[in-house]
*Asks:* 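Before I ask anything, here is the structure I am working with.
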Amino acid sequence: MPEMPEVEAVCRRLRGQLVGLRIRSARVLRCADKALEQAVIRRTVTAVDRRGKHILIRLSGGITVHVHLRMSGNLFMIPDHRLSGASARIIVALAGGTGLVLEDPRALARAEAVGTRLINGEMEKLGPEPLSPVFTPDWLLEKARGCRQPAKLFLMDQTKVAGLGNIYAAEALFQARINPRKPMQTLARMRVERLYSAIVGILKDAVQSAYLAYSGPGDFQEAESFPLAVYGRQGEPCHACGATIRRLMQGGRSTYYCPGCQK
DNA sequence: AACACGACCTGGTAGC
DNA sequence: TGCTACCAGGTCGTGT
């Protein structure tokens, strides 16, 4: 479910509530190896970082809890660690009695306790953060050169740009008026620049709205107040040109696009 | 190298 | 109502 903006909202919220707290105990029900319980006990949370869609909870002693929410995961604090919900997969009891919960009805989320240096090395394999200065039109242009990948799959590829998922990739392509099937190498410079602007613009807005809407528990769908131009709208008219929004399959996922606007 | 596809999981919903 | 089929914001491993 969550893409970068939702993961960012999760991290910002956790950062304020979790940093400085000591872990009393942890209970792994699913989604992680049992070894995590012993790896985190009696350690203190020093920071909460994000890289792409990955959440990195830094602990004292050079340990990081690496969490990926995948499709339906959520991570939030509860006032009492004994009162977690039905789909709680990992429950961490903190000093003061509060709790940190990894919740995921589908149990596809994953967590692991690893060495901080090791996981930082792994994260280097990801593409740049789209809202960081490293991500530039030239960088995108360079990556697009000689790349035969369809534009949609390129945007979903976390080693190209970190954090875009199925929704925002589709929305960015719509805004840039690029057909999702178009191979990256065939895009003229101007269109790549337009794509760059669309990615940055959409993610900035989405981060803002995800942060304002996100309250911890509950799901992101309800919290989603970001206006979607094409995603999930197949059969409906395009707001820009009136053509019917279509759905196609790419890499086993649905892609939504406007055949009138996106050439 | 570049793709397709199944696996991992459960829940919601549309259609009969 | 109750069943089935399909769909879901992600990633990985395997096979062609």
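A, B, ... follow the sequence lines: proteins, then strands. Residue 1 opens every chain.
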*Asks:* For dC3(C) and dC9(B), measure between their P atoms and round to the nearest Å.
*Replies:* 26 Å
*Asks:* Would you say a side-chain N or O of His68(A) is under 4.0 Å from OP1 or OP2 of dG10(C)?
*Replies:* no
*Asks:* Determine the Euclidean distance between corresponding P atoms of dC5(B) and dC6(C); express it in Å to zero decimal places.
*Replies:* 15 Å
*Asks:* If the cut-off is 4.0 Å, is Tyr256(A) near the phosphate of dA8(C), judged by side-chain N/O to OP1 or OP2?
*Replies:* yes
*Asks:* Please state whether the phosphate of dG9(C), meaning OP1 or OP2, lies under 4.0 angstrom from any side-chain nitrogen or oxygen of Tyr231(A).
*Replies:* yes
*Asks:* Dot-bracket, 5' to 3', for DNA chain C please: Watson-Crick or G-U pairs under 3.5 Å, [ ] where pairs cross earlier ones, | where the partner sits on another strand, dots elsewhere.
*Replies:* .|||||||.|||||||
*Asks:* Is it true that, when you exclude Lys204(A) itself, more than 12 heavy atoms of the residues, nucleotides or ligands shown sit nearer than 6.0 Å to its NZ?
*Replies:* no
*Asks:* Using whole Å, what does the distance between atom P of nucleotide dC7(C) and atom CZ of Arg253(A) come to?
*Replies:* 13 Å
*Asks:* Is there a donor-acceptor contact under 3.5 Å from the side chain of Gln175(A) to the main chain of Ala172(A)?
*Replies:* no
*Asks:* Does Met190(A) have more than 12 heavy atoms from other residues, nucleotides or ligands lying within 6.0 Å of its CE?
*Replies:* no
*Asks:* In whole angstrom, give the distance that lies between atom CE of Met156(A) and atom P of dA2(B).
*Replies:* 18 Å
*Asks:* Take atom CG of Leu228(A) and atom C1' of dA8(C), then tell me their distance rounded to the nearest Å.
*Replies:* 14 Å
*Asks:* Round to a whole Å and report the spacing from CD1 of Ile167(A) to P of dC7(C).
*Replies:* 17 Å
*Asks:* Under 4.0 Å between a side-chain N/O of Lys53(A) and OP1 or OP2 of dG9(C), yes or no?
*Replies:* no
*Asks:* How close or far is atom C1' of dG9(C) from atom CD of Glu103(A), stated in whole angstroms?
*Replies:* 17 Å
*Asks:* What's the CG-C1' distance between Leu126(A) and dG10(C), to the nearest Å?
*Replies:* 13 Å
*Asks:* Does any non-hydrogen side-chain atom of Thr98(A) lie less than 4.5 Å from one of Ile78(A)?
*Replies:* no
*Asks:* Nearest 0.5 Å please: distance from the NZ atom of Lys34(A) over to the CG atom of Leu29(A).
*Replies:* 6.5 Å
*Asks:* Look at all strands and tell whether Ser254(A) reaches a base, only sugar-phosphate, or nothing, counting heavy atoms closer than 4.0 Å.
*Replies:* sugar-phosphate
*Asks:* Does a sphere of radius 6.0 Å around CD in Gln38(A) hold more than 12 heavy atoms from other residues, nucleotides or ligands, not counting ones at 6.0 Å or beyond?
*Replies:* no
*Asks:* For the residue pair Leu164(A) and Leu203(A), establish whether any side-chain heavy-atom pair is separated by less than 4.5 Å.
*Replies:* yes
*Asks:* What string of B, S and - do you get for nucleotides 3-16 of chain B, 5' to 3', if B is base contact, S is sugar-phosphate-only contact and - is no contact with any protein heavy atom under 4.0 Å?
*Replies:* S----BBB------
*Asks:* Atom CG of Leu69(A) and atom C1' of dA8(C): how far apart are they, to the nearest Å?
*Replies:* 15 Å
*Asks:* Under 4.0 Å between a Lys/Arg side-chain N and an Asp/Glu carboxylate O for Asp138(A) and Lys143(A)?
*Replies:* no
*Asks:* Using the P atom as the reference point in each nucleotide, state the distance between dA2(B) and dG9(C) in Å, no decimals.
*Replies:* 25 Å
*Asks:* Is it true that, when you exclude Arg58(A) itself, more than 12 heavy atoms of the residues, nucleotides or ligands shown sit nearer than 6.0 Å to its CZ?
*Replies:* yes
